[in-house]
Amino acid sequence: MTEAPRPLRVAVIGSGPAGIYAADLLTKSEEVRTGAVPVAIDIFDRYPAPFGLIRYGVAPDHPRIKGIITALHKVLDRGDIRFFGNVEYGKDLSLADLREHYDAVIFATGAIEDAKLPIPGIDLDGSYGASDFVSWYDGHPDYPRTWPLKAEQIAVLGNGNVALDVARVLSKHAEDLLVTEIPENVYEGLKVSPVTDVHVFGRRGPAQMKFTPLELRELAHSRDVDIVLYEEDFVFDAASEEAMANDNQVKVMMKTLNKWLEEQKERTEHASRRLHLHFMQSPVEILGEDGAVTGLRVERNELDGKGGIKGTGEYIDYPMQAIYRAIGYFGSELPEIGFDPKKGVITNVEGRVVDEDGNAVPGLYATGWIKRGPVGLIGSTKSDALETITHLLSDRENLYTAPEPDAQSFSAYLDSKGIRYTTWEGWHRLDEHEKSLGAAALDAAGEPRARVKVVDRDEMVRISCGE
Ligand code: NAP
């Protein structure tokens, strides 16, 4: 009789959608389902709570996207994948620790740094990266509890969905966010914001927006916020005409913008706040006085016929007291793992981590934004994960290297190092606690809130550990 193969032990670093999808797809692969390749999967996260980008990157007023948590929750509720929270690769765990206990490691650490914008004035007080602001309003445990919201006029640079998130949250009235799970400190911070105008700047034209139709349309749903467009920005080149004729998303979004242009002409009542959309203007300098932002200088662009732009040499100065750059995210380098500093990704070929000579490093894989860069909606992470785990499974003959196949060994190891980790049961405790905080608080309509997030890391760990 042949002996049943021992489980292939896999560690996934990061419990955002990328990590959980990879773990889930691995368990659902034919090899694993049929029992030919039994697996034992542990997911690690440096935060005490799971769900990565969904908990700490998706805007609080996007319950539909936050709802992806329900699907991820179901995966971990099955009980065949373990969760270790509050355990950080590079700090609590080294590659050698992982190699000792696992046959394969999948890195799914995402991309949460802001891409750099090297223009004069970028380091002035009042110039922020979108990712930092998102982390603040999403109650990230490692960010300060207060955010300086003193500006009346704010610029948001970039024409992607992150720019829309940031502009929407900055321009909304704080009480309208009480229906969401925003933490108390975020509500208190937004409540005193004196903002009147938020200006979003795209360097290309309306037909080159990176927004998606639903997210663009949603801007019109903010109470007491007028959308302001500028007719002079609506010029199109051959590439724009082609995009408007053939690209469905562009078609739909242009329809939305044109409708808003018409409505704007007939507007008789005016809101107390405005959200402006500017196009074909590149940020060239952040203006300041006494170390603080006082304005934004942009160069007006013209389209080059191919969807690109060229500067016209005409500069415009806008008075602004705060600037948020939302020009893309960037991945962070992980200790002992090859990194491409240009793309901000782990060096990999289709999810197999490679060394500087391009050779696959046995047993190491990457998936999600740290594999392919910070582009694409959450759903595209699934096909990405499939590619990575398909390679992992085809490499499996050479992967059984971990000397210690005992499933309990890793928790014992963490205990022996004194690392206070959280578990899936712990997440259930924190989840219930946050829901009970919500039930005890009221939104602007006097209804109980669905959830209020706990922000403090120690408190999260204490509640998760049932202390
Ligand atoms: P993005 O979609 O790549 O948009 C980045 C924007 O920054 C582009 O408009 C880009 O312009 C602009 N940009 C880049 N460098 C610039 C510069 N030097 N000066 C001026 N503008 C510059 O990135 P993102 O907004 O960070 O979003 C990342 C991904 O997450 C996207 O796939 C997005 O759809 C997704 N996401 C989705 C949601 C949602 O609610 N569904 C929310 C947030 C994020 P060019 O196009 O000219 O390069």
Side-chain angles (χ1 to χ4, degrees), residues 16-18 52-68 110-122 127 129-135 137-138 155-169 180 199-219 221 237 239-240 243 247 249-250 253 277-286 296-304 306-311 323-331 343-345 368-370 372-381 384:
L53 174 87
I54 314 256
R55 186 171 162 100
Y56 292 124
V58 171
D61 57 345
H62 272 176
R64 186 180 54 84
I65 306 178
K66 291 259 182 210
I68 295 176
I112 60 158
E113 283 180 39
D114 284 295
K116 299 216 175 340
L117 181 63
I119 59 171
I122 197 73
S127 160
S131 159
D132 291 339
F133 182 57
V134 169
S135 294
Y137 68 55
D138 260 340
V156 179
L157 312 179
N159 256 190
N161 282 330
V162 172
L164 288 188
D165 282 349
V166 166
R168 210 178 54 249
V169 171
T180 75
H199 298 257
V200 179
F201 288 91
R203 61 180 169 181
R204 296 193 285 158
Q208 287 82 33
M209 298 178 287
K210 292 253 184 83
F211 309 140
T212 40
L214 205 64
E215 281 65 30
L216 178 68
R217 229 174 13 241
E218 187 189 356
L219 292 185
H221 302 161
D237 63 351
S240 306
D247 183 321
Q249 292 221 11
V250 175
M253 288 195 288
L277 296 179
H278 303 268
F279 298 98
M280 291 197 296
Q281 297 172 55
S282 281
V284 291
E285 183 173 352
I286 298 178
L296 174 70
R297 176 165 299 161
V298 298
E299 181 176 10
R300 185 157 267 291
N301 297 321
E302 57 190 24
L303 294 165
D304 66 2
K306 298 179 221 142
I309 36 161
K310 48 185 187 229
I323 315 270
Y324 291 73
R325 63 179 191 284
I327 58 162
Y329 285 149
F330 203 76
K343 296 187 187 145
V345 298
W369 278 5
I370 198 63
R372 66 171 201 279
V375 282
L377 301 180
I378 291 164
S380 31
T381 299
D384 198 34

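Each ligand, and each atom within it, is numbered from 1 in the order the structure gives.
Contact of the L214 side chain with the R64 side chain is registered, since non-hydrogen atoms from C-beta on lie closer than 4.5 Å. You'll find the side chain of V134 stays beyond 4.5 Å of the side chain of D165, heavy atoms only. A heavy-atom distance below 4.5 Å is not found between the side chains of E218 and L164. The shortest side-chain heavy-atom distance between E215 and R168 does not fall under the 4.5 Å cut-off.
Salt bridge annotation for D237-R204: absent, with no cationic side-chain nitrogen under 4.0 angstrom from a carboxylate oxygen.
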Check: Given the rule in the side chain to side chain contact (heavy atoms under 4.5 Å, CB included) test, do Q208 and F279 qualify, once you have shown the distances and angles that lead to the verdict?
Finding: CA-CA 9 Å; Q208 287 82 33; F279 298 98; over 6 Å; no
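Contacts of ligand 1 (protein heavy-atom distance under 4.0 Å) are H62, I65, L117, G158, N159, G160, N161, V162, D165, R203, R204, K210, E215, P283, A326, I327, G328, W369, P374, V375, G376, L377.
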